[in-house]
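Below is one structure; the comments refer to it alone.
In this chain, numbering begins with 1 at the start of the sequence shown. Computed over heavy atoms, backbone and side chain alike; hydrogens, waters and symmetry mates excluded.
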Amino acid sequence: MDHQDDFYQQIHDMDKQRSRAARKEKWEKREKSFWKAFLFTENGKPKSGLILYTFCLSFVFLLLYLAIFSLVLEYLGKPLEAVPAFWGNLLQSLAAGALGLACAWLAHRLLPDKRLIFGSYLWLALFALAAVITLLIMLRGTGASGGMLVFFGWFVGLPLAMGLAGSYALYRRDYAPAPAQEDAPWKKYTQRR
């Protein structure tokens, strides 16, 4: 009996070692991929702070746009019922885009790094692209793809395009890369040659 228990214990230990090795290999592959930017260094700092910050800020803007659209639909829905659908959708979409852009401008003024807002809008564009591709795959063959694309164009594409254009203009106007740090002038006198 003892030999049989030892045999099973050895098999169990070997399985654990294999699973540890598989996990280690899996994490090594992840480190070499795009997601490497989201991992942390040995000191606990993000490898790419800009990517991580813009990714998190994009979710704030996503929630902000959902709130803006609920307000726009609530306050502009009734007055625009008499207007043709094209003009009603256009006005609602432009209003939501303008409110989102105003919030982006305010955040751009408050945040010290002038790349954050434009980077957040780039993430939103990636999310929108992923959503469109997923919906097109799911709706393939149902005939609803055209309606979904029209809806998506009005209520995601137009506000997102406004936000991308506006945040890019703000980025181009205000962003100046940090100058390369030179040694202090007094250091050249203290260094040995």
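Residues Leu160 and Leu64 fall within the same hydrophobic cluster, defined by Ile, Leu, Val, Met, Phe, Trp and Tyr side chains chained together at heavy-atom separations under 4.5 Å. Using a 4.5 Å cut-off between side-chain heavy atoms of Ile, Leu, Val, Met, Phe, Trp and Tyr, with links allowed through other members, Leu106 and Leu62 fall into different hydrophobic clusters. There is a path of hydrophobic side-chain contacts, each under 4.5 Å, that joins Phe59 to Leu116. Cluster annotation: Tyr121 and Leu158 are assigned to the same hydrophobic cluster (Ile/Leu/Val/Met/Phe/Trp/Tyr, side-chain heavy-atom contacts under 4.5 Å, transitive). Hydrophobic clustering (side-chain heavy atoms under 4.5 Å, transitive across Ile, Leu, Val, Met, Phe, Trp, Tyr) groups Leu124 together with Phe155.
Taking both residues in full, the closest heavy atoms of Ala107 and Ile117 are given as CB-CD1, 3.6 Å, listed atom of the first, atom of the second, then distance. Looking at every heavy atom in both residues, Ile68 comes nearest to Cys103 through CD1-SG, 4.5 Å.
Contacts of Leu80 classified as side chain to side chain contact (heavy atoms under 4.5 Å, CB included), with partners at least two apart in sequence or in another chain: Leu76, Val83, Leu91, Gln92. Checked against side chain to side chain donor-acceptor pair (under 3.5 Å), Ser58 has no partners two or more places apart in sequence or in another chain. Under the side chain to side chain contact (heavy atoms under 4.5 Å, CB included) criterion, Asp15 pairs with Ile11, Arg18, sequence neighbours left out. With sequence neighbours excluded, no residue forms a ring-ring contact (aromatic ring centres under 6.0 Å, His included) with Tyr75. Partners of Lys16 under the side chain to side chain contact (heavy atoms under 4.5 Å, CB included) rule, at least two apart in sequence or in another chain, are His12, Arg20. Applying the ring-ring contact (aromatic ring centres under 6.0 Å, His included) rule to Tyr65 yields no partners; only residues at least two apart in sequence or on another chain are considered.
Alongside Leu136, the hydrophobic cluster contains Val132, Leu135, Leu139, Met148, Leu149, Phe152, Val156 (criterion: ILVMFWY side chains under 4.5 Å). Summarising the hydrophobic clusters (Ile, Leu, Val, Met, Phe, Trp, Tyr; side-chain heavy atoms under 4.5 Å, direct or chained), the residues clustered with Leu63 are Leu66.
Counting only heavy atoms from C-beta outward, the side chains of Ile51 and Trp123 approach each other to under 4.5 Å. Between Leu122 and Leu126, every side-chain heavy-atom pair lies at or beyond the 4.5 Å cut-off. Residues Arg23 and Ser19 have side chains in contact (heavy-atom distance under 4.5 Å, counting atoms from C-beta outward). Side-chain atoms of Asn89 and Val150, non-hydrogen and from C-beta on, never get closer than 4.5 Å to each other.
The side chain to side chain donor-acceptor pair (under 3.5 Å) pairs that include a residue from residues 156-174 are His108-Asp174, Arg109-Asp174, where partners are two or more places apart or lie in different chains. For residues 141-160, the set of pairs meeting the side chain to side chain donor-acceptor pair (under 3.5 Å) definition, not counting sequence neighbours, is empty. Sorted by first and then second residue, the salt bridge (charged side-chain N to carboxylate O under 4.0 Å, His left out) pairs involving residues 146-168 (not counting sequence neighbours) form an empty list. Residues in residues 127-137 take part in no side chain to side chain donor-acceptor pair (under 3.5 Å) pair, two or more places apart or across chains.
Between Phe127 and Phe55, the ring planes are perpendicular. Angles over 60° get that label, and only those under 30° would be called parallel.
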Self-check item: Leu57 and Leu111: CA distance, side-chain angles, deciding distance, side-chain contact (heavy atoms from CB on, under 4.5 Å) verdict
Solution: CA-CA 11 Å; Leu57 191 59; Leu111 294 172; 4.0 Å; yes

